[in-house]
Structure formats: structure tokens, C-alpha cells
Amino acid sequence: MLTMMSPYLLLGFFLAGIMHVFVPSSLFRKHMSKPNFKSVLLSTLLGIPIPLCSCGVIPTAMSLRKEGASHGAVIAFLIATPQTGVDSIMATYSMMGWPFAIVRPVAALFTALFGGLMANISDRLHPEEAELQQKPSAEEVKTQVSFWEKVKEVFRYAYFEMMQDIGKWLVIGLAIAALITYIPDEWLLAFKGNTALSVLVVLLCAIPMYVCATGSIPIAIALMLKGLTPGAALVLLMAGPAVNMASMLVIRKVMGTRTLLVYLASIIFGATLFAFGIDYLFPAGFFTEGLIERGACCAPSAVPWYSWVFVAVFVLLLANALIHRFFVKPEKKELQAVSGETAFHIDGMKCNHCLANVRKAISEVAGVDFAEVDLPTGNALVRGDFKVQDVIAAVDALGFKTQVNETVSAASPAVPSVLKINGMKCNHCAANARKAIEEVAGVESVTIDLAAGTATVEGKARLEDLTAAVESLGFSVEGKSGAISCSCKEE
């Protein structure tokens with residue numbers, strides 16, 4: 001199976017990396033605010049190619065809502081995005097043939113449009129219950145990054161960060177598919193040719209289960225080879241990635257029960273409609289011939305040597321990403337709050353998309369100067385003149401649970417106003433020390449007294465950061481050893 005999937009998965013991940021780096025996230029944002037068909041359509045078209053799983057799509061969709069997207073546009077994005085992505089479309093073609101590769105995004109388009117329009121209609125019928133539109137956030141500050149830095153980010157995102165987020169579910173999907181092959185055929189005789197029963201059972205299993213768009217492919221193939229109809233397989237490909245217990249709980253919490261019902265009804269209606277359409281409007285072999293042909297090609301003797309090269313590259317990249325995600329302990333960030341900082345603990349962050357959305361939401365809170373978020377621990381440090389409740393509300397709006405972390409105490413001392421620096425001998429030393437201190441985050445002003453060997457620092461920088469900046473020049477701070485003689489030339 002991997003011999004067929006690997007080349008297309010590698011290409012799909014690469015295309016996803018290009019989209020992530022070169023397509024700005026604000027491309028369609030300004031067109032999504034009105035509760036009309038255009039906003040729903042644009043949100044759907046934006047979501048179909050983006051490779052986001054169910055855990056990553058929730059905070060991203062809530063971020064769109066916060067920035068002014070209409071209710072219908074958000075629901076359309078929530079439905080369309082997890083069902084497909086450039087990676088899963090490529091993998092679907094490689095394993096299931098072009099009929100499924102075409103029907104899958106078309107079905108996602110239809111269900112997302114239906115759900116988005118129903119959400120807008122529901123808001124019109126119940127205006128008193130509709131959520132107030134969030135005020136769009138300020139435009140993001142664009143930093144200048146070289147072309148080669150962007151290329152490096154494409155590969156880092158595609159073959160490391162994205163594989164960390166999706167790789168586990170792909171492995172689980174392959175494992176489940178392998179287990180299904182051991183189920184005796186006679187156990188599934190009742191489902192053969194029975195679209196209604198197959199769709200019902202698959203819906204009951206797929207809705208609470210979590211599986212990503214790519215990981216659902218091997219499971220769908222295994223079920224079809226055991227006799228389930230192509231329509232039932234499509235239901236798994238649609239409902240499995242689009243909805244699960246975690247996403248349902250978050251949507252109900254953030255957007256309300258009425259929105260959750262619209263969301264579920266749209267997915268169930270769309271999946272059932274396409275399932276019966278496939279099974280009754282197309283010949284039985286139209287969607288199964290591709291599976292048979294690919295099954296014959298998967299015999300070891302029929303696999304060309306270069307396919308094994310793709311498999312080896314994919315397995316190595318996947319192993320590297322998963323090892324770093326689950327076994328290599330990241331360098332612990334000592335998130336100890338100092339004067340002017342508040343620590344928070346955030347429950348529910350599962351992937352790098354969650355991390356990015358949380359950091360962005362906190363940074364946009366009025367008065368926040370700096371925000372640092374750690375995914376493994378779920379802790380965040382926030383610095384500035386802000387209201388704690390504003391930060392909690394901003395993160396909770398993404399579907400997470402936030403509270404002030406009392407255990408992260410102010411263990412580090414507050415930054416002193418005066419640092420005693422040993423080793424400064426001339427004006428060049430003083431200038432270098434001033435420049436190094438000014439570049440530390442949180443420093444507002446620096447005054448160097450060369451004769452006294454002191455630096456007066458104003459701001460909210462950490463003592464550890466200031467000490468490290470000074471010692472990187474070869475000097476030492478009072479109480480530290482290692483001062484050196486001045487090597488500057490006197491003018």
C-alpha cells in the first residue's frame with residue numbers, strides 16, 4: 001500500500017508547504033464577513049485544499065470568526081477543510097483511482113456549501129441567538145524574509161511540522177486497515193450490496209471516531225475489499241475526518257447547540273446523499289476497478305525499484321517527525337514568570353496549528369507586548385499591560401480552556417535597575433554593552449556609566465537574558481566570574 005501512496009504523499013505534503021508559506025492567510029478574509037453565498041463559497045474553496053486535521057481546523061475556524069467571518073463561512077470552513085487537502089486528494093488518487101479522487105472534493109464542496117447556507121438561514125430565523133460579529137483584528141505585520149528562507153520553511157513545514165501533526169493518524173489508519181483484513185468475510189455478508197445498512201453502521205462508527213483525511217483512505221479500502229459498498233466507503237472518507245467527539249464538544253461550547261446540529265445534519269445529509277448516489281447511479285465496478293488494478297500492482301514483483309526509494313524516503317521522514325514528536329524530549333522552557341508577566345495554562349492544544357493560533361490570539365489582546373507559548377506543557381507567559389480576563393476570553397474563543405497558572409511562580413527575581421559589569425575598559429566596550437542590552441526583549445532604555453562600570457536598565461527584560469547578552473561579549477555581571485581584559489584600541 002505504501003508503494004502506491006508514498007510518491008503522492010510526498011508531493012501532497014510539498015504542495016501543502018508551498019500553500020502554507022506563499023499563500024497569505026488573509027487572502028480571502030476580507031471577503032468572508034457578509035452572511036451571503038459568496039462568503040460561504042470562498043470559505044469552502046479556501047478550506048478544500050488546506051491540509052488541516054479536525055484538531056487543527058477548530059482554532060483556525062474560530063480565528064476566522066474572531067476576525068469577522070460570517071457564521072455560515074465558519075461552518076463551511078469547518079466542514080470542508082478536514083475532509084480533504086492536497087495531500088489526501090493525491091493519496092486518494094494513488095490508492096482508489098480518479099473516481100474517488102474527484103468525488104471526494106466535490107462531496108466536500110456540496111456539504112460545506114449546504115452547511116454554511118443553512119447556518120446563515122438559521123441566524124436569520126433566530127437573530128436574537130446569533131453571535132455578535134467580532135471586530136476584525138489589525139493587519140498582521142509583515143516581516144521581510146528572503147526567498148531561500150521561505151523555501152527552507154516550505155520543507156520544514158511539509159516534512160516535519162505537518163508530518164508531526166498527521167503522521168500518527170496515518171499510521172493508525174494503516175494499522176486499522178491491516179486488522180480489518182483479518183476479519184472473516186462471512187462476518188460482513190449482511191453488508192454486501194446493502195447501502196442503507198452499510199451507511200448507517202459506518203456513520204455510527206465514523207462520527208465519534210477521530211481519523212484524518214489521509215488516514216481514512218486505507219480503512220475505506222479495507223472495508224470495500226471486505227464487501228462494503230463504495231457509497232459506504234465514501235461516508236467514512238467524509239464523516240470520519242469531518243467530525244469527532246472532540247470537535248463536537250468544542251463547536252457546542254464556542255458556537256452553541258443550534259450550530260452543532262446544523263454542522264452534524266449537513267455532514268450526515270451530504271454523506272448519505274452521495275453514498276446512495278454512488279451506489280445507485282453508477283455501475284458497481286466504476287469505483288472498484290481502480291482498487292483491483294492497484295491490488296495487482298502491489299505485488300512485490302510488480303513494484304519498480306524507484307517506488308521503494310519513495311517508500312524509504314517517506315518512512316525516514318515520517319519516523320524522524322514522529323520520533324521528535326513523541327520520544328525526543330524538547331528542551332524545556334523554563335517559563336518562570338517575572339515582574340510584569342502572567343502565566344497561563346491552556347488545555348486542548350494538540351498540534352502546531354493549535355500553538356500558532358493561540359499565540360496569535362494572545363498577541364492581539366490589547367496591551368500585550370510579548371507572548372510565549374509552549375506546546376508540550378500547555379503553558380504560556382504573557383507580558384504587558386493587559387487584562388487577564390481578555391487573554392482568557394481570547395484563547396477560550398478558539399475552543400480551548402484557559403486559566404491562570406499559579407504554579408509558575410515568579411521564581412526569577414525582578415530585573416534590577418542597575419547592573420554591575422566587570423571588564424569594560426573603553427568607550428568601545430561601553431558601546432558594545434549598550435547595543436547588546438538594547439537588543440534584549442523588554443528593554444526600553446539603557447544608560448552606561450563607564451567609570452562606575454554599571455548599566456542602568458529600564459523595562460521588563462529578564463535578568464537571565466541581560467546577563468547572557470553581556471557575557472556573550474566576554475564581560476561578566478557582578479557576582480559572575482570570567483571577566484576579561486579589554487582588547488579594544490583606545491582612540
Side-chain angles (χ1 to χ4, degrees), residues 8 12 15-16 19 23 28 32 37-58 60-61 64 69 72-120 166 169 173 199 202-203 206-207 209-217 219-220 230-244 247-248 251 262-278 282 287 353:
Y8 294 94
L15 294 175
M19 289 182 60
V23 178
F28 299 120
M32 293 183 185
F37 177 79
K38 180 181 177 182
S39 67
V40 173
L41 177 62
L42 286 175
S43 180
T44 302
L45 295 177
L46 172 65
I48 286 176
I50 295 179
L52 278 179
C53 54
S54 291
C55 73
V57 73
I58 293 291
T60 304
L64 287 174
V74 173
I75 290 297
F77 186 83
L78 279 169
I79 294 173
T81 306
Q83 290 189 54
T84 62
V86 287
D87 59 322
S88 60
I89 293 173
M90 299 291 290
T92 302
Y93 170 74
S94 71
M95 292 303 301
M96 305 184 76
W98 64 266
F100 269 110
I102 293 175
V103 169
R104 196 173 184 185
V106 170
L109 174 68
F110 173 83
T111 52
L113 289 176
F114 179 79
L117 293 175
M118 288 302 100
N120 284 339
I166 296 178
W169 302 110
V199 168
V202 171
L203 277 174
I207 287 179
M209 178 178 67
Y210 181 92
V211 61
C212 72
T214 304
S216 64
I217 297 172
I219 302 175
L234 181 64
V235 170
L236 176 66
L237 294 174
M238 294 175 64
V243 62
N244 57 69
S247 65
M248 287 190 289
I251 291 173
V262 171
Y263 171 74
L264 288 175
S266 302
I267 295 171
I268 293 172
F269 173 73
T272 304
L273 180 67
F274 273 86
F276 277 89
I278 284 177
F282 292 90
F287 287 90
H353 288 104

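The structure displayed is predicted, hence computed values, not measured ones.
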Heavy-atom pair of closest approach, residues F274 and A107: CZ-CA, 3.7 Å
Side chain to side chain, F77 and T44, heavy atoms closer than 4.5 Å: no
Validation row: M118, I75 side chains within 4.5 angstrom (heavy atoms): no
Beyond-backbone contact of F276 with T272, side-chain heavy atoms, under 4.5 angstrom: yes
Chi angles and distances behind the side-chain contact (heavy atoms from CB on, under 4.5 Å) call for I268, L203: CA-CA 8 Å; I268 293 172; L203 277 174; 4.1 Å; yes
Steps toward side-chain contact (heavy atoms from CB on, under 4.5 Å) verdict (M238, I267): CA-CA 8 Å; M238 294 175 64; I267 295 171; 5.6 Å; no
Ring pair (Phe, Tyr, Trp, His ring centres under 6.0 Å) involving F269 - partner list, sequence neighbours excluded: F114
P230 and F282, any side-chain heavy atoms less than 4.5 Å apart: no
Taking every non-hydrogen atom, the tightest pair across V199 and A275: CG2-CB, 3.7 Å
Inter-residue atom distance L237.CG - T92.OG1, 0.5 Å rounding: 6.5 Å
Pair F37-N120, side-chain contact (heavy atoms from CB on, under 4.5 Å): steps then yes or no: CA-CA 9 Å; F37 177 79; N120 284 339; over 6 Å; no
L46 side chain reached by I50 side chain, heavy atoms, under 4.5 Å: yes
Non-hydrogen side-chain atoms of S266 and I79 separated by less than 4.5 Å: yes
T84 versus R104, side-chain donor and acceptor atoms under 3.5 Å: no
Non-hydrogen side-chain atoms of L234 and V103 separated by less than 4.5 Å: yes
Nearest atoms (heavy-atom pairs only) where P82 meets A242: CG-CA, 3.8 Å
4.5 Å side-chain heavy-atom contact, I217 and M96: yes
Side-chain donor-acceptor contact under 3.5 Å, Q83 with T111: yes
Interatomic distance, L109 atom CG to I48 atom CD1 [nearest 0.5 angstrom]: 4.5 Å
CD1-OG distance between I89 and S94, expressed to the nearest 0.5 angstrom: 12.0 Å
Heavy-atom closest pair, residues P241 and S216: CG-OG, 4.0 Å
